[in-house]
Amino acid sequence: MEILIVEDESEIAQLIQQTLERENFSCQIAADGLAALNAFEQQNPDVIILDLMLPGLDGLEVCTRIRQQNNLKDPYILMLTARGEEIDRVIGLSTGADDYLVKPFSPRELVARVRALLRRSLREVGQNSQIYRTKNFTLNLDQHIATRNEVTLDLTTLEFKLLETFMSYPGRVWSRTQLIDKLWGNDFFGDERVVDTHIRRLRKKIEPDTANPTFIKTVVGVGYKFEDASL
Ligand code: CA
């Protein structure tokens with residue numbers, strides 16, 4: 001697995017590189033947007049960790065240009081942002097990034113996100129049947145059956161779709177707006193807090209303790225994420 005790290009602050013870039021190399025990923029560093037585009041064309045990496053604030057071409061521009069090319073394999077793009085900075089722009093618009101991480105982040109969190117991206121890629125390539133599995137849950141999309149620890153869950157269509165969205169991408173943080181897009185598409189006009197209502201109902205059906213959720217975690221100020229160990 002080849003990972004390209006695009007970050008102008010060399011200390012951060014090296015920290016990321018060391019973290020990922022400890023996990024046996026092979027990494028290259030590019031210190032600005034143009035270097036990133038060159039490295040992308042030459043090395044065709046599987047994952048690009050892309051800082052938003054870069055001198056010259058910024059992360060969004062780099063992301064757009066990478067998504068516009070058609071000759072090379074599409075990489076997974078994990079965007080890095082500073083806390084509060086531009087975060088709405090990254091998650092609100094369709095930037096072409098697959099996920100984002102807010103600085104400062106722990107090495108453990110970074111590795112978890114990269115692994116989640118790669119799991120997603122394996123699932124898409126390796127399975128014809130539409131089944132998502134994590135340690136405790138199974139979701140069969142063809143048969144529309146969800147189970148937790150082998151016991152079938154009684155979910156509404158909306159709750160199923162919500163769980164499907166979460167399980168399609170364990171560890172990813174979803175904003176309410178993104179969940180609304182997934183659940184209702186673009187025809188939704190209303191209070192985005194409606195998401196919280198459905199999360200509450202889903203938690204009642206899947207969480208051992210709804211006061212202290214194990215699987216659907218609230219990410220304060222952003223939204224929700226689903227966590228369950230992978231198989
Ligand atoms: Ca930067």
Side-chain angles (χ1 to χ4, degrees), residues 1-121 169-178 217 219-225 227:
M1 288 295 168
E2 286 292 328
I3 300 181
L4 175 64
I5 301 159
V6 188
E7 167 66 84
D8 56 312
E9 287 159 85
S10 62
E11 275 179 29
I12 298 179
Q14 280 165 27
L15 210 78
I16 294 172
Q17 183 178 34
Q18 285 160 13
T19 301
L20 292 171
E21 284 182 348
R22 262 202 304 274
E23 304 288 322
N24 296 319
F25 293 109
S26 151
C27 301
Q28 298 285 332
I29 295 175
D32 62 50
L34 281 179
L37 291 174
N38 284 335
F40 164 67
E41 280 169 18
Q42 278 161 27
Q43 288 150 21
N44 203 3
D46 302 283
V47 176
I48 299 181
I49 296 173
L50 180 57
D51 189 34
L52 182 63
M53 299 300 277
L54 294 167
L57 291 181
D58 73 2
L60 289 183
E61 185 61 34
V62 172
C63 195
T64 305
R65 294 202 192 179
I66 285 171
R67 290 303 187 221
Q68 279 167 352
Q69 62 74 35
N70 294 316
N71 303 324
L72 297 169
K73 171 183 69 180
D74 233 4
Y76 286 104
I77 298 180
L78 174 63
M79 195 80 96
L80 304 180
T81 72
R83 189 169 295 282
E85 162 211 74
E86 306 275 347
I87 192 169
D88 292 339
R89 226 167 119 212
V90 173
I91 64 175
L93 300 174
S94 55
T95 55
D98 295 289
D99 198 4
Y100 69 94
L101 201 50
V102 179
K103 293 180 190 174
F105 48 82
S106 70
R108 206 171 127 250
E109 180 70 12
L110 176 75
V111 171
R113 293 300 182 86
V114 169
R115 288 201 192 286
L117 286 175
L118 295 171
R119 268 205 302 281
R120 187 161 74 149
S121 107
Y169 205 156
R172 173 181 177 154
V173 180
W174 297 86
S175 69
R176 290 181 180 79
T177 314
Q178 286 172 327
K217 301 273 174 72
V219 183
V220 176
V222 185
Y224 298 97
K225 68 175 170 178
E227 282 182 339

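One-based numbering along the sequence shown. Only a predicted model underlies this, so the values are computations on that prediction, with no experimental measurement involved. Whatever order the structure lists them in is the order used to number ligands and atoms, beginning at 1. What you see below is based on every heavy atom in this structure, not just the backbone, and it leaves out hydrogens, waters and symmetry mates.
Separating the CZ atom in Phe25 from the CG atom in Leu118 is a distance of 5.5 Å, to the nearest 0.5 Å. Atom CD1 of residue Ile3 and atom CG of residue Asp46 lie 8.0 Å apart, to the nearest 0.5 angstrom.
For Glu2, there are no salt bridge (Lys or Arg N to Asp or Glu O under 4.0 Å) partners two or more places apart in sequence or in a different chain. Qualifying side chain to side chain contact (heavy atoms under 4.5 Å, CB included) partners for Ala39, counting only residues two or more places apart in sequence or in other chains: Leu4, Gln43.
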Listing, residues 6-17 side-chain donor-acceptor contacts under 3.5 Å, not counting sequence neighbours, or none:
unit_1 : atom_1 : unit_2 : atom_2 : d
Glu7   : OE1    : Lys103 : NZ     : 3.0
Glu7   : OE2    : Glu9   : N      : 3.0
Gln17  : NE2    : Glu21  : OE2    : 3.4

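Legend: protein N/O/S atoms lying under 3.0 Å from the Ca ion (ligand 1), waters omitted, number 3.
In terms of heavy-atom proximity, Val173 sits nearest to Asp99 at N-OD1, 4.5 Å.
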